[in-house]
Every structure is written in C-alpha cells, then in structure tokens.
Visitor: 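After the structure tokens below, expect a handful of questions from me.
One is the number of the first residue; the rest follow in order along the sequence.
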Amino acid sequence: GCEHYRRGCLLRVRRRGGAVRCGAGVWGPPLSCCVPLQAPCCGKLYACRLCHDGAEGHRLDRFRVVEVQCARCRHLQKAQQSCEACNNLFGEYYCNICHLFDRDKKQYHCTECGICRIGPKEDFFHCSKCNLCLSLSLQGKHKCIENVSRQDCPICLEDIHTSRVGAHVLPCGHLLHRTCYEEMLKDGYRCPLCMHSALDMTRYWRQLDDEVAQTPMPTEYQNMMVEILCHDCNARSTVQFHLLGMKCTNCESYNTAQDGKCRLTLE
C-alpha cells in the first residue's frame, strides 16, 4: 500500500460540514495491498494518515475516517475490513476505532492509550500513571512519571505516544524513541532531561576507580577538596578533586558535577 502499511484500500474522511465525494487521489502501485483514505480536513484520498501528514500542512484525524476506496475495484464504501463489492481484503488487521488497516502484527487496541499497539497483547500491560503500554518485564520495575508518554522525545522532539517507533524507558522514568536511545549511546550515557545514567554503569565505574588510583594528580591539586552533586542519586558530598572523575560517596557513581558551592584546599 505505502511505505508505512500494507493495506488494500485508501482512506476517505468527511470534511467538516459535509461529505466530499470527489477528493484528489494519491495512489501507490495498483495492487490489492493499497487502501486509500480520505482526510476529514481536506477530503483527499491517501494510503494512510502518515502519507497524508507528510504531504499536507495539517494532520489527519484517524478517528474521523468514515469511508475507504477499494484499491482493486475503486468502489467507495464505509470503512470496513473487506470490500463489499469484490471481497478484496483491506487488511489482515482492522480496528474500527482507529481505522488502522495492516498486515497481522498481533496488534490490539488499547482503550486507555486510545490507539492500537503492536502486541501480542498478553505481553504488555497499561501503566495508568505513565499512561502507556509497557512490556510485562517492566511491571513493578520501572519508575513512573505522570503522563510521561504525552511528552515529546527530548532528542528528536517528535511525538512518542502515537509514534510507530517503539519507546525506551530509561531508569529515571523518562522516555526516548528506541532509535534515538541507540543513537544517544554512541556519544553519551545520560538522560538528556535529568542527566541520570541511562544504563547500568557499575562496570565502567569500577574501571574508572582503577584509572583514578593509577593517575596521581599534580602536587598543587592533591589536597584539594570539592563539593559535588550526583546526577544518579542527587546526593551531595565533598571529595578529593580529580580530573578523571569524582565519585559520589553515597552511590559510588562518577556521574557527578562540581557543585561550586564549596572549594576547599587542605593544608
């Protein structure tokens, strides 16, 4: 159907104030896997909402789709899973709320999320505080942040809740697109919002312990003490200054920053 979904029809939606019967068609190859949809805003036919949004200066409201056009026989009809004229299957999966047509990916409609998710459903649960479907492996093991899924990804600044790219839950509870998380790890290890470590750094901290022990500071810095703030546990402590890193005395993380409030030199 298009680069986003495999479907056998185009979507058609009503403009505000009445039906539009002759929208401009945007077609892919003449295959049975193409389903045009028509936008409620502009009345045009598109293979999916993402194709529409990429071509128009506004977003398509998926919930207002009322008609589809069969890609095989071009028959215009109410939104449904197969063509009433030629029995062409528009999608192995069809949601009559989101009007999502696609091949079977074990999708399910989450009432709390308000949209369809890729399953299987039994492998996920809906966290009411985060307002997002998460893997069962995270149940009781993640930090909840109120409505965190309604925030944009802090790296690409795109929507997370309705994105086709999966979300990655950081230990601090913030969300990133999975692809953005993988790119972030090429250059850093901290959450871009709160600076908390985005993964278990214990092994690296122990390696840094050895490097600090093997790298003495110049004489003028050996007795210098500084106050630091830990980004992982939020504790403040006073430690010996070292260029390679300063370890939190509370959680032993090197994800710290000099606080600047106190800088003492011992005699």
Side-chain angles (χ1 to χ4, degrees), residues 1-7 11 13 35 37 39-42 46-66 79 91 93-185 190-196 198-199:
C2 66
E3 62 180 301
H4 308 109
Y5 301 103
R6 288 192 63 83
R7 50 180 54 169
L11 307 184
V13 293
V35 186
L37 70 90
C41 33
C42 55
Y46 280 95
C48 76
R49 64 180 180 86
L50 298 173
C51 290
H52 169 277
D53 295 351
E56 304 290 342
H58 51 268
R59 291 181 177 273
L60 182 145
D61 184 349
R62 73 187 81 186
F63 305 108
R64 295 185 62 231
V65 172
V66 294
Y93 174 82
Y94 169 59
C95 173
N96 61 5
I97 300 174
C98 298
H99 302 294
L100 171 64
F101 300 84
D102 200 7
R103 67 179 185 271
D104 183 15
K105 302 174 185 174
K106 307 299 181 184
Q107 299 96 323
Y108 65 96
H109 182 85
C110 175
T111 303
E112 292 85 356
C113 284
I115 57 176
C116 290
R117 299 292 190 191
I118 294 179
K121 184 176 182 179
E122 56 269 20
D123 289 348
F124 295 85
F125 76 101
H126 184 88
C127 176
S128 57
K129 186 171 183 180
C130 295
N131 206 359
L132 181 70
C133 285
L134 298 172
S135 169
L136 281 176
S137 63
L138 293 175
Q139 194 164 21
K141 300 177 183 178
H142 71 286
K143 182 178 179 179
C144 291
I145 297 179
E146 192 81 29
N147 284 327
V148 68
S149 71
R150 299 311 198 269
Q151 301 174 7
D152 291 340
C153 174
I155 292 181
C156 68
L157 304 181
E158 296 290 336
D159 176 61
I160 289 181
H161 184 71
T162 61
S163 174
R164 295 176 71 243
V165 179
H168 182 86
V169 185
L170 300 179
C172 56
H174 291 122
L175 299 182
L176 304 177
H177 288 122
R178 186 176 296 112
T179 50
C180 292
Y181 170 74
E182 292 168 355
E183 284 297 314
M184 181 195 75
L185 292 183
R190 299 187 293 192
C191 170
L193 291 176
C194 67
M195 306 301 285
H196 192 285
L199 67 167

Visitor: Looking at OH of Tyr93 and CG of Asp104, how far apart are the two atoms once the value is rounded to the nearest 0.5 Å?
Guide: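 The CG atom of Asp104 is 9.5 Å from OH of Tyr93, to the nearest 0.5 Å.
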Visitor: Walk me through it: do Leu132 and Ile160 pass the test side chain to side chain contact (heavy atoms under 4.5 Å, CB included)?
Guide: CA-CA 10 Å; Leu132 181 70; Ile160 289 181; 5.6 Å; no
Visitor: Are any of the side-chain heavy atoms of Leu175 and Leu170 separated by less than 4.5 Å?
Guide: no
Visitor: Decide yes or no for His52 and Arg59: does some side-chain heavy atom of the first lie under 4.5 Å from some side-chain heavy atom of the second?
Guide: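 No, too far: nothing below the 4.5 Å cut-off.
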Visitor: CG/Leu185 to CZ/Arg190 distance, rounded to the nearest 0.5 angstrom?
Guide: 13.0 Å
Visitor: Does Asn147 reach the main-chain N or O of Arg150 with its side chain, forming a donor-acceptor pair under 3.5 Å?
Guide: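 Checking the backbone N and O of Arg150 against the side chain of Asn147, no donor-acceptor pair under 3.5 Å is found.
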Visitor: Do the side chain of Ser149 and the main chain of Asn131 share a donor and acceptor less than 3.5 angstrom apart?
Guide: yes
Visitor: Give, for atom CG of Asp61 and atom CZ of Arg49, the distance between the pair rounded to the nearest 0.5 Å.
Guide: 10.5 Å
Visitor: CD1 of Ile118 to CG of Asp123: how many Å apart, nearest 0.5 Å?
Guide: 13.0 Å
Visitor: What are the two closest non-hydrogen atoms of Ala55 and Tyr46, and how far apart are they?
Guide: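 Distance-wise, the nearest heavy atoms are CB-OH, 3.6 Å.
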Visitor: Return yes if some donor-acceptor pair links the side-chain N/O of Glu112 with the main-chain N/O of Cys110 below 3.5 Å, else return no.
Guide: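 Here the side-chain-to-backbone pair does not exist.
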Visitor: Do the side chain of Asp53 and the main chain of Leu60 share a donor and acceptor less than 3.5 angstrom apart?
Guide: yes
Visitor: Shortest non-hydrogen contact from Tyr181 to Leu199?
Guide: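 Looking at all heavy atoms of both residues, the closest pair is OH-CB, 4.1 Å.
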Visitor: Given side chain to side chain contact (heavy atoms under 4.5 Å, CB included), test Gln107 with Cys95 step by step and report yes or no.
Guide: CA-CA 9 Å; Gln107 299 96 323; Cys95 173; over 6 Å; no
Visitor: Counting only heavy atoms not in Lys121, do more than 12 sit closer than 6.0 Å to its NZ atom?
Guide: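 No, because the 6.0 Å sphere around NZ of Lys121 holds 12 heavy atoms or fewer from other groups.
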Visitor: Kindly give the heavy-atom pair with the smallest separation between Cys191 and Ala198, and that separation in Å.
Guide: N-CB, 4.3 Å
Visitor: Hey, what do you get for NZ (Lys129) to NZ (Lys143), rounding to the nearest 0.5 Å?
Guide: 9.5 Å
Visitor: Could you grab the distance from atom NE2 of His177 to atom CD of Glu182, nearest 0.5 Å is fine?
Guide: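 Separation between the atoms: 12.5 Å.
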Visitor: What are the two closest non-hydrogen atoms of Cys133 and Arg117, and how far apart are they?
Guide: SG-CG, 4.2 Å
Visitor: Do you know which two heavy atoms are closest between Cys130 and Cys144, and how far apart they sit?
Guide: SG-CA, 3.6 Å
Visitor: Any side-chain heavy atom of Pro154 sitting closer than 4.5 Å to one from His174?
Guide: no
Visitor: Working note: Cys98 + Phe63, criterion side chain to side chain contact (heavy atoms under 4.5 Å, CB included); need CA distance, chi angles, decisive distance, verdict.
Guide: CA-CA 5 Å; Cys98 298; Phe63 305 108; 4.1 Å; yes
Visitor: Does the side chain of Leu176 come within less than 4.5 Å of Met184's, by heavy atoms?
Guide: yes
Visitor: Examine distances only and state if a side-chain atom of His142 and a backbone atom of Ser137 form a donor-acceptor pair shorter than 3.5 Å.
Guide: no
Visitor: Tyr94 vs Phe101 aromatic rings, parallel, tilted or perpendicular, using cut-offs 30° and 60°?
Guide: parallel
Visitor: Using only atom types and a distance under 3.5 Å, with no angle test, would you say the side chain of His161 pairs donor to acceptor with the backbone of Cys113?
Guide: yes
Visitor: Does a donor on one side chain sit under 3.5 Å from an acceptor on the other, for His99 and Arg62?
Guide: no
